[in-house]
A.B. asks: 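Quick one: this structure, given as structure tokens, is what I'll be asking you about.
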Amino acid sequence: MSEIAERTLAEELSELLGSGCVSVEPATIAEHSADKWFASHAPDVVVFAECTEDVSRLLKFCCARGIPLTPRGSGVGYVGGCVPLRGGVALSLARMNRILEINNEDGVAVVQPGVITGELQAAVKERGMMYPPDPASLKECSLGGNIATNAGGPRCLKYGVTRHYVLGLEVVLADGTVMRTGGRCHKNKTGFDLIGMFVGSEGMLGVVTEAILRLIPHPESRATISTGFGKFIEAAAAVQAVLGSGFHPAALEIADKFTLEAARDYLGEGVVPDGEAHLMIELDGHAESVALESAKLMALLKSRGALSMELADTEAGCERLWGLRREFSYSLRATGLTKLNEDVVVPRGRLVDLVNFAEELQMECGMPIACFGHAGDGNIHVNIMVKDIETDEGRARSDEVLDRLFRQVLEWDGVISGEHGIGIAKKRWFAAAVGDVSVDVHLRLKRALDPGNILNPDKFLARASE
Ligand SMILES: Cc1cc2nc3c(=O)[nH]c(=O)nc-3n(C[C@H](O)[C@H](O)[C@H](O)COP(=O)(O)OP(=O)(O)OC[C@H]3O[C@@H](n4cnc5c(N)ncnc54)[C@H](O)[C@@H]3O)c2cc1C
């Protein structure tokens with residue numbers, strides 16, 4: 001788009017929505033060009049919606065003129081999902097950040113999409129309630145982004161992913177129509193599961209402008225156990241032993257040798273338990289049952305060869321142990337390499353196979369690979385550590401490693417994304433992951449809801465003819 005046309009679009013949008021909602025400031029444009037993946041593309045204009053009516057009017061305008069529009073929450077996605085690949089409008093929902101209602105009797109919170117996940121969690125906790133989905137980015141990411149990516153986190157083992165907590169949605173469709181689906185009832189089988197269709201749709205089927213979320217009673221007490229194991233295989237066997245002995249922890253996290261070494265370099269010796277593998281287990285519930293289960297679990301871990309064990313049973317103590325887990329990502333970044341964080345999932349029985357495969361792959365390709373993540377779900381973050389991602393050669397080599405990783409994961413009946421979504425990052429593997437018929441169904445849905453293909457175009461549903 002030419003500079004004049006750019007100004008005209010911004011001017012027209014200012015007229016439509018008010019000048020305070022529209023920006024073409026270079027710094028604002030740059031800020032809305034990328035997320036935490038490495039690709040970027042500038043939008044022509046950034047619009048900050050303040051209400052559903054703004055979003056509806058904007059979409060009507062864009063639909064009539066075929067202007068691409070990419071919704072954006074906090075921009076901390078890992079797959080380039082909110083990168084406006086075709087320019088046009090970057091629609092920020094960040095100003096729609098009000099918690100409209102917390103209702104303990106109905107067990108619901110009504111929120112705007114720009115509310116930060118951790119802020120909702122803190123607000124409902126004060127009222128004795130819990131909103132369980134806990135992506136590690138919860139201090140920054142938005143609930144709208146979580147809904148659009150169906151975000152998960154460590155607690156998903158016991159509590160499930162974002163989809164399990166969305167009871168109702170207000171969505172603005174591509175032509176500006178405002179649709180409400182679901183409501184504040186905890187069960188609802190009226191028609192198709194349209195909520196399920198929008199959750200995880202990565203901004204390609206509609207813009208979420210309000211959500212009714214399910215809350216559950218906050219557990220009275222929690223405990224965290226941090227253990228070191230000599231070898232990964234022993235830690236993985238302990239995972240199976242824990243789940244096979246009737247325990248259902250809130251979280252069961254594992255980390256491999258490379259991750260622990262990076263953490264030792266970054267945080268200093270002594271902070272990270274000894275051994276080549278780390279296992280962290282979180283229990284919650286009534287204080288008596290948490291204490292009893294913790295003791296039994298520690299005995300079990302000892303019998304499975306744990307080298308060291310630390311138990312925390314206060315809020316501050318648990319958070320201190322989780323602090324270590326949350327530093328893993330930053331420790332890997334501190335190596336100075338680019339971290340391609342792949343959130344693959346394998347059937348849980350394949351955990352050891354996956355880590356062995358990653359070790360072989362790293363020896364053959366000469367790129368370090370670090371594995372850590374949600375062992376209880378088989379959802380392991382396989383981090384390919386790339387030296388020269390900005391060069392064509394570096395990109396080609398990392399694509400080759402990813403080809404091999406994803407091929408193997410699919411052969412094991414695994415999936416290429418358990419949390420982050422497909423976006424641009426995994427676009428080239430999408431068809432192999434879901435099959436041609438499923439791709440076709442995705443495309444038919446997209447065509448039905450967004451015939452002009454204006455909503456977040458060129459992501460994993462790029463149409464061959466366009
Ligand atoms: C350090 C770190 C740790 C992370 N840990 C986790 C984790 O444990 N689990 C996990 O699942 N993810 C994790 N992520 C990834 C990321 O935080 C999630 O994908 C999160 O849901 C993105 O939210 P966001 O508000 O930043 O969305 P954005 O990045 O802004 O957008 C993500 C996608 O959602 C769409 N979108 C955003 N808002 C709306 C809306 N209102 N309506 C329609 N579409 C919309 C965008 O178009 C885009 O396709 C992590 C990221 C980082 C940087």
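Computed from a predicted model, the values in this text were never measured in an experiment. We number each residue from 1, following the sequence as shown. When a ligand or atom number is given, it counts from 1 through the structure's own listing order.
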A.B. asks: Can Lys257 and Glu359 be counted as an ion pair, charged N to O under 4.0 angstrom?
C.D. replies: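 Salt bridge absent between Lys257 and Glu359.
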
A.B. asks: So if I count the atoms of ligand 1 from 1 in the order they appear, which ones are less than 4.0 Å from some heavy atom of Pro113?
C.D. replies: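 Listed by number with element: 41 (N).
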
A.B. asks: Any N or O of Ser142 that comes nearer than 3.5 Å to an N or O of ligand 1?
C.D. replies: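 Right, the criterion is met.
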
A.B. asks: Between ligand 1 and Pro135, is the shortest N or O to N or O distance under 3.5 Å?
C.D. replies: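 Looking only at distances, the answer is no, because the N/O contact criterion of under 3.5 Å is not met.
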
A.B. asks: Taking distance alone, with no angle check, do Glu202 and ligand 1 share an N/O pair under 3.5 Å?
C.D. replies: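 Yes, there is a polar N/O contact under 3.5 Å.
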
A.B. asks: Between the side chains of Arg222 and Glu319, is the shortest nitrogen-to-carboxylate-oxygen separation below 4.0 Å, so that they form an ion pair?
C.D. replies: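 Yes, Glu319 and Arg222 are salt-bridged.
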
A.B. asks: What is the nearest protein non-hydrogen atom to atom 31 (O) of ligand 1, stated with its residue, atom name and distance?
C.D. replies: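 Heavy-atom neighbour on the protein nearest atom 31 (O) of ligand 1: Cys82 CB, 3.9 Å.
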
A.B. asks: For ligand 1, which is the ligand I care about here, please tell me if Tyr330 has any N or O atom under 3.5 Å from one of the ligand's N or O atoms.
C.D. replies: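 Between Tyr330 and ligand 1, no N or O pair is found under 3.5 Å apart.
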
A.B. asks: Give the atom numbers and elements of ligand 1 that come within less than 4.0 Å of a heavy atom of Ala151.
C.D. replies: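 Near Ala151, meaning under 4.0 Å from one of its heavy atoms, ligand 1 has 11 (O), 21 (O).
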
A.B. asks: Please find the pair of heavy atoms, one from Ala174 and one from Leu455, that lie closest to each other, and give the distance.
C.D. replies: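 In terms of heavy atoms, the two residues are closest at CB-CD1, 3.8 Å.
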
A.B. asks: Would you mind checking if Asp284 and Lys158 are paired as a salt bridge, meaning a charged N to carboxylate O distance below 4.0 Å?
C.D. replies: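 So Lys158 pairs with Asp284 through a salt bridge.
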
A.B. asks: Quick check on contacts: which atoms of ligand 1 are under 4.0 angstrom from a heavy atom of Asn456?
C.D. replies: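 Answer for ligand 1: 47 (O), 49 (O).
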
A.B. asks: Should you measure from each heavy atom of Leu93, which atoms of ligand 1 turn up under 4.0 Å away?
C.D. replies: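 Atoms satisfying the 4.0 Å criterion: 41 (N).
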
A.B. asks: Between Glu170 and Thr209, does any side-chain donor sit less than 3.5 Å from a side-chain acceptor?
C.D. replies: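 Side-chain D/A pair, Glu170 to Thr209: present.
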
A.B. asks: Would you say Trp322 and Met280 make side-chain contact, with heavy atoms under 4.5 Å?
C.D. replies: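 The answer is yes, as the side chains (C-beta and beyond) meet within the 4.5 Å cut-off.
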
A.B. asks: List the closest protein heavy-atom neighbour of atom 35 (C) of ligand 1: residue, atom name, distance to the nearest 0.1 Å.
C.D. replies: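 Nearest protein contact, heavy atoms only, for atom 35 (C) of ligand 1 is Ala148 CB, 3.5 Å.
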
A.B. asks: To which protein heavy atom is atom 2 (C) of ligand 1 closest, and what is the distance rounded to 0.1 Å?
C.D. replies: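 Result: Tyr78 OH, 3.4 Å.
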
A.B. asks: Is it the case that Asn146 and Thr117 place a side-chain donor and acceptor less than 3.5 Å from each other?
C.D. replies: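 Indeed, the side chains of Asn146 and Thr117 share at least one donor-acceptor pair under 3.5 Å.
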
A.B. asks: Whether Glu315 and Lys125 form a salt bridge (side-chain N of Lys/Arg under 4.0 Å from carboxylate O of Asp/Glu) is what I want to check.
C.D. replies: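 Yes, charged N to carboxylate O under 4.0 Å.
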
A.B. asks: Does the side-chain contact (heavy atoms from CB on, under 4.5 Å) test come out yes or no for Val110 and Glu210, once each step is laid out?
C.D. replies: CA-CA 7 Å; Val110 184; Glu210 196 179 296; 3.4 Å; yes

A.B. asks: Pick, from Ala94, Gly418, Gly145, Gly373, the option with the minimum heavy-atom distance to atom 27 (O) of ligand 1.
C.D. replies: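 Answer by nearest heavy atom: Gly145.
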
A.B. asks: Closer than 4.0 Å to some heavy atom of Gly81 - which atoms of ligand 1 meet that?
C.D. replies: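 Within the 4.0 Å cut-off of Gly81, ligand 1 contributes 47 (O), 48 (C), 49 (O).
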
A.B. asks: Can you tell me which residue and heavy atom of the protein come closest to atom 37 (C) of ligand 1, and the distance to 0.1 Å?
C.D. replies: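 Result: Gly73 N, 3.5 Å.
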
A.B. asks: Counting heavy atoms only, name the option from Gly421, Pro71, Gly203, Ala49 that's nearest to atom 46 (C) of ligand 1.
C.D. replies: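 The nearest heavy atom belongs to Pro71.
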
A.B. asks: Counting only heavy atoms closer than 4.0 Å, does ligand 1 sit against the backbone of Lys36, its side chain, both, or neither?
C.D. replies: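 Lys36 to ligand 1: side-chain contact only, backbone stays beyond 4.0 Å.
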
A.B. asks: Parallel, tilted or perpendicular: which describes the rings of His381 and Phe372, with under 30° parallel and over 60° perpendicular?
C.D. replies: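 Tilted: the ring planes of His381 and Phe372 meet at 30° to 60°.
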
A.B. asks: Could you list the atoms of ligand 1 found under 4.0 angstrom from a heavy atom of Gly206?
C.D. replies: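 Counting atoms of ligand 1 from 1, those under 4.0 Å from Gly206 are 43 (C).
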
A.B. asks: Under a 4.0 Å threshold between the charged nitrogen and the carboxylate oxygen, would Arg95 count as salt-bridged to Asp54?
C.D. replies: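 No, Asp54 and Arg95 are not salt-bridged.
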
A.B. asks: Return the residue, atom name and 0.1 Å-rounded distance of the protein heavy atom closest to atom 33 (C) of ligand 1.
C.D. replies: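 Checking every protein heavy atom, the shortest distance to atom 33 (C) of ligand 1 gives Thr149 CG2, 3.8 Å.
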
A.B. asks: Can you tell me which residue and heavy atom of the protein come closest to atom 15 (C) of ligand 1, and the distance to 0.1 Å?
C.D. replies: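 Checking every protein heavy atom, the shortest distance to atom 15 (C) of ligand 1 gives Val76 O, 3.7 Å.
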
A.B. asks: If a pair satisfies ring-ring contact (aromatic ring centres under 6.0 Å, His included) and one of its residues is in residues 134-155, list it, with sequence neighbours excluded.
C.D. replies: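 Residue pairs passing ring-ring contact (aromatic ring centres under 6.0 Å, His included), neighbours aside: none found.
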
A.B. asks: Can you measure from OH (Tyr165) to CG (Leu143) and round to the nearest 0.5 angstrom?
C.D. replies: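 Rounded to the nearest 0.5 Å, the OH-CG separation comes to 14.0 Å.
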
A.B. asks: List the closest protein heavy-atom neighbour of atom 6 (C) of ligand 1: residue, atom name, distance to the nearest 0.1 Å.
C.D. replies: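 Its nearest protein heavy-atom neighbour is Ala136 N, 3.7 Å.
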
A.B. asks: Side chain, backbone, both or neither: which part of Thr209 comes within less than 4.0 Å of ligand 1 when only heavy atoms are counted?
C.D. replies: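 Within the 4.0 Å criterion, Thr209 makes no contact with ligand 1.
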
A.B. asks: May I ask whether Gly152 places a heavy atom under 4.0 Å from ligand 1?
C.D. replies: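 Gly152 counts as a contact of ligand 1 under the 4.0 Å cut-off.
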
A.B. asks: Indicate yes or no: does an N/O atom of Pro154 lie under 3.5 Å from an N/O atom of ligand 1?
C.D. replies: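 No, no N or O pair falls under 3.5 Å.
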
A.B. asks: Any donor-acceptor pair under 3.5 Å linking the side chain of Ser331 with the backbone of Glu327?
C.D. replies: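 Yes, because the side chain of Ser331 sits within donor-acceptor range (under 3.5 Å) of the backbone of Glu327.
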
A.B. asks: Can you tell me which portion of Asn146 lies within the under-4.0 Å heavy-atom range of ligand 1? Options are side chain, backbone, both, or neither.
C.D. replies: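 Both backbone and side chain.
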
A.B. asks: I need the atoms of ligand 1 closer than 4.0 Å to a non-hydrogen atom of Gly77, numbered in the order shown.
C.D. replies: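 The list of qualifying atoms is 16 (C), 26 (O), 29 (O).
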
A.B. asks: Looking only at protein heavy atoms, identify the closest one to atom 24 (P) of ligand 1 and say how far it is in Å.
C.D. replies: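 For this ligand atom, the closest protein heavy atom is Ser74 N, 3.5 Å.
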
